[in-house]
**Student:** 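I am attaching a structure below and will ask some questions about it afterwards.
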Amino acid sequence: MHEIIEKIKFAIEQDQVNINERIHTSVYDDSENASYHVARNIGDTINVRNQEGKPTVLGLATGSSPIKIYEYLVKFHREESLSFDNVHSFNLDEYYPMQPDAMQSYIRFMREHLFDHIDMPRENIHIPDGTLTPDEARSYCEDYERQISNLGGIDIQLLGIGRTGHIGFNEPGSSEKSRTRLIRLDKITRLDAASDFYGEEHVPPLAITMGVGTIMEAKKIYLVAWGENKAKIIKRAVEGVVDQTVPATFLQNHDNCEFVLDAAAASELTKCKSPWLVRECDWSDQKLVKKAVIWLAQKLGKVVLKLTNEDYNENGMSGLMATYEAAEEINLKVFNQLQHTITGWPGGKPDVDDTTRPERAAPFPKTSLIFSPHPDDDVISMGGTLLRLVDQGHDVHVAYQTSGNIAVFDDDVLRFLEFSAEVFDDDQVKSHVEGMAKAVKFQLHEKKEGHIDSLEIQRLKGLVRKTEANAACRYSGVKEENVHFLNLPFYETGTIKKDPIGPADVERIYHLLEKVKPHQIFAAGDLSDPHGTHRVCLQAIYEAIAQLKSEGKIWLENTYVWLYRGAWQEWDINDIEMAVPLGPKDMLRKKKAIFKHQSQKDVAMFPGSDKREFWQRAEDRNKETALKYDQLGFAEYAAMEAFVRKII
């Protein structure tokens, strides 16, 4: 109950600070609570209108953001008898061309996540038709508008937001008066969708979308956004001026629009990033003091120890100055906090005073267990630290949570099979491998774009990733018996969409933890992974740990959990609790470990919106972290890997 109250208090506190914001925003600590808020309001509206005998008209969105909202609506239907019998829905958009049964079809998406689980009459469901000819599409769009109008307009419109600031598929340049129409997709939008279509070249060039004008006529609008990758565009939409190049800014002109955000998506808003600029702060919160001092130093381009009383007073921190005697006192306090995060001994340095060190001196050596969601996240995100742990004599284990099989190109499977066929001298074995290669080649030739691989090909692609992971571990000095392939079942769907985490996933992690009994657990906290695999893998680890704790496992009391990032983003310097410096030779060794993952080299199957190769992202982010410490007045290192400790 206390936890729920704290979450509500957090949301209320964030909701009250509206200065600088041109749109009402509600910030929740996580997307689950935020989703519940939206779903509850939609459900309550439907109930009220049902009691009045009036229909409810919903404008619905697709993508990952509204999925949990739909789950709650299904739950309300099943457990609270929420009826959708008098509800009409109009979806925002659909790719064009698009067959309704294609994996990427929004018709299929809506059926899987909502419509197949509620009592909404099929004739009340409206989703743009991606099978029409261009001429048919024009009249279809006009009719779409008429149907909305005939029902009295949309009561509640649900929106997500794209990296370009698009709402629906209204790309930059869309008019505020635009209506439902066929539109050409922006290059960035197509790049962001590339993963869903197994390559940018397969993303449809066009889409049918409701217009901005159509959206703006809705009586109530909820725009939902989760994750740090949405933070910059959210700030632009909420605090920037109305601009046709960022269509979401048009929502500032709506009199009943609410942005519902998790803390990560709201992190760039002034009230979250620098709250001292908009309200009085509680300066007894040492984390807030640290954040404020770092912000001020970065803003002024000064090292921490050179900040002055005037710097604080002139930048909204007079309250902080009233708490301390002088700037020097604050500066030294924060400088020491940052200094104590830096260590070249990620497993703890033996036989020293560890009072101010991020890791304990004892026991030494430690058993370190590194969880890697995909078969290359370990070396990409913390390869330098992994090598350091091995070099310093710790017993390092690596657990690959998923097979990563969907991220392997078809050509790689054929290449390995052809190689295998040439290796064997035994005619019978060679004939078997050649037959397998021929069958696989036929299957791949017959496979249509975006279709699921056969189980055999999925297995072979998983083996490609497994052999690469083994090679990287050998190079890094990890003992063969310490490499664990968990192949969590939730991942093995053959598609980008994965199953929810289940007991079987948690059980495999539970048994590994109980077997290894690590003093350190390293896990991926890189939650902006666009496909959600990192988030689900971390959830499975937390659930396994919770189960072990409930059983009173004594060894767990001496275990630290460290969260790493790197493949998709890096920790903010305010949050870093352990920073491991890397020299040029360390970075070279890390890159060589990453290069062992040859199937992901040069062009990865799912690069996300960042065109750099993973080794380039890792190197750049590690250098940027080191540079930030340098600019704050610390020793100049070539690179740094960063970690945040999770209290369990």
Side-chain angles (χ1 to χ4, degrees), residues 10-11 13-31 33-34 64-65 159-167 172 188 192 222-243 245-252 257-279 281 285 287-288 290-301 315-317 525-530 535 565 568-576 608-610 617 620-621 624-625 627-628 631-632 642 644:
F10 176 85
E13 177 184 306
Q14 297 300 323
D15 193 42
Q16 286 175 339
V17 185
N18 293 313
I19 191 168
N20 292 347
E21 296 181 3
R22 303 164 189 263
I23 299 177
H24 174 58
T25 64
S26 298
V27 183
Y28 289 79
D29 61 337
D30 58 47
S31 60
N33 286 286
S64 59
S65 298
L159 298 174
I161 185 170
R163 205 155 50 102
T164 62
H166 69 238
I167 47 176
I188 294 176
D192 287 347
Y222 290 104
L223 185 146
V224 298
W226 327 131
E228 289 171 335
N229 58 322
K230 295 294 179 73
K232 289 184 178 178
I233 194 62
I234 287 295
K235 178 178 175 63
R236 177 69 183 82
V238 172
E239 297 184 0
V241 298
V242 175
D243 186 345
T245 64
V246 183
T249 59
F250 287 132
L251 297 172
Q252 295 177 17
C257 177
E258 180 181 356
F259 276 38
V260 181
L261 316 169
D262 68 359
S267 60
E268 289 292 323
L269 294 178
T270 301
K271 70 182 180 185
C272 299
K273 188 171 186 177
S274 45
W276 47 87
L277 296 179
V278 295
R279 62 179 168 87
C281 292
D285 182 346
K287 287 186 176 180
L288 183 64
K290 178 183 174 184
K291 181 177 182 178
V293 172
I294 292 172
W295 173 86
L296 182 60
Q298 291 176 329
K299 178 185 178 184
L300 300 180
N315 288 278
M317 298 184 203
D526 207 356
L527 304 185
S528 286
D529 163 27
R535 181 177 287 103
R565 288 181 173 180
W568 304 100
Q569 62 196 46
E570 188 52 277
W571 292 111
D572 193 293
I573 195 166
N574 308 307
D575 301 318
I576 294 172
S609 58
D610 191 334
R617 300 184 201 186
D620 290 348
R621 289 185 177 128
E624 287 166 9
T625 301
L627 179 61
K628 287 177 181 178
Q631 291 171 337
L632 292 173
V644 168

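Position 1 is the first residue of the sequence, and the numbers go up from there.
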**Student:** So, taking the atom named CZ in Arg617 and the one named CD in Glu570, what distance separates them when rounded to the nearest 0.5 Å?
**Tutor:** 13.5 Å

**Student:** What pair of heavy atoms forms the shortest contact from Ile167 to Pro247, and how long is it?
**Tutor:** CD1-O, 4.0 Å

**Student:** What is the distance from atom CD of Gln252 to atom CD of Glu239, rounded to the nearest 0.5 Å?
**Tutor:** 10.0 Å

**Student:** Which atom pair, heavy atoms only, marks the closest approach of Val241 to Arg236?
**Tutor:** O-NH1, 3.0 Å

**Student:** How long is the span from the CD atom in Glu21 to the CD1 atom in Ile23, to the nearest 0.5 Å?
**Tutor:**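 Answer for the CD-CD1 pair, Glu21 versus Ile23, is 9.0 Å.
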
**Student:** Show, in sequence, the C-alpha distance, side-chain angles and deciding distance for Glu268 and Lys273, and conclude whether the salt bridge (charged side-chain N to carboxylate O under 4.0 Å, His left out) test is met.
**Tutor:** CA-CA 5 Å; Glu268 289 292 323; Lys273 188 171 186 177; 3.0 Å; yes

**Student:** If we ignore hydrogens and angles and just use 3.5 Å, is the side chain of Ser267 paired with the main-chain N or O of Ala231 as donor and acceptor?
**Tutor:**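 No; zero donor-acceptor contacts below 3.5 Å.
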
**Student:** Out of Asp262, Val260, Leu261, which one pairs with Val224 under the side chain to side chain contact (heavy atoms under 4.5 Å, CB included) rule?
**Tutor:**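 Checked Asp262, Val260, Leu261 against Val224; only one passes side chain to side chain contact (heavy atoms under 4.5 Å, CB included): Val260.
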
**Student:** Between Ser65 and Trp226, what is the shortest heavy-atom contact and its length?
**Tutor:**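 Shortest heavy-atom contact: O-NE1, 2.8 Å.
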
**Student:** Can you tell me how far the CG atom of Asp575 sits from the CD1 atom of Ile294, to the nearest 0.5 Å?
**Tutor:**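 The distance works out to 9.0 Å.
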
**Student:** Which pair of heavy atoms, one from Ala642 and one from Ile576, lies closest together, and at what distance?
**Tutor:** CB-CD1, 3.5 Å

**Student:** Would you mind reporting whether Trp295 and Met317 have side-chain heavy atoms less than 4.5 Å apart?
**Tutor:**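 They are in side-chain contact.
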
**Student:** Going from CG on Leu251 to CZ on Phe259, what distance comes out if it is rounded to the nearest 0.5 angstrom?
**Tutor:** 5.0 Å

**Student:** Please answer whether the main-chain N or O of Gly316 pairs with a side-chain N or O of Trp276 as donor and acceptor at a distance below 3.5 Å.
**Tutor:** no

**Student:** Report yes or no: does Lys230 contribute a side-chain atom to a donor-acceptor pair with the main-chain N or O of Ile161 at less than 3.5 Å?
**Tutor:** yes

**Student:** Can Lys299 and Ser274 be counted as having a side-chain donor-acceptor contact under 3.5 angstrom?
**Tutor:**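 Note: Lys299 and Ser274 side chains miss the donor-acceptor criterion.
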
**Student:** What pair of heavy atoms forms the shortest contact from Ala237 to Thr249, and how long is it?
**Tutor:** CA-CG2, 3.9 Å

**Student:** Can you sort out the partners of Asp285 under side chain to side chain donor-acceptor pair (under 3.5 Å), two or more places apart, ordered by chain and number?
**Tutor:**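 Asp285 satisfies side chain to side chain donor-acceptor pair (under 3.5 Å) with no residue once adjacent residues are dropped.
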
**Student:** Test Lys291 against Asp572 for salt bridge (charged side-chain N to carboxylate O under 4.0 Å, His left out), laying out the working first.
**Tutor:** CA-CA 10 Å; Lys291 181 177 182 178; Asp572 193 293; over 6 Å; no

**Student:** Do Glu228 and Arg565 sit within salt-bridge range, that is, some charged N less than 4.0 Å from a carboxylate O?
**Tutor:** yes

**Student:** Taking the side chain as every heavy atom from C-beta outward, state whether Asp192 and Thr164 have any atom pair closer than 4.5 Å.
**Tutor:**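 Side-chain contact under 4.5 Å: no.
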
**Student:** Return yes if some donor-acceptor pair links the side-chain N/O of Arg535 with the main-chain N/O of Gly525 below 3.5 Å, else return no.
**Tutor:** no

**Student:** Quick one: pull up CG in Asn574 and NZ in Lys287 and give me the separation to the nearest 0.5 Å.
**Tutor:**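 Result: 11.0 Å between the selected atoms.
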
**Student:** Given the rule in the side-chain contact (heavy atoms from CB on, under 4.5 Å) test, do Arg163 and Ile233 qualify, once you have shown the distances and angles that lead to the verdict?
**Tutor:** CA-CA 6 Å; Arg163 205 155 50 102; Ile233 194 62; 5.9 Å; no

**Student:** On a heavy-atom basis, which atom in Pro275 and which in Cys281 lie closest, and how many Å separate them?
**Tutor:** C-SG, 3.8 Å

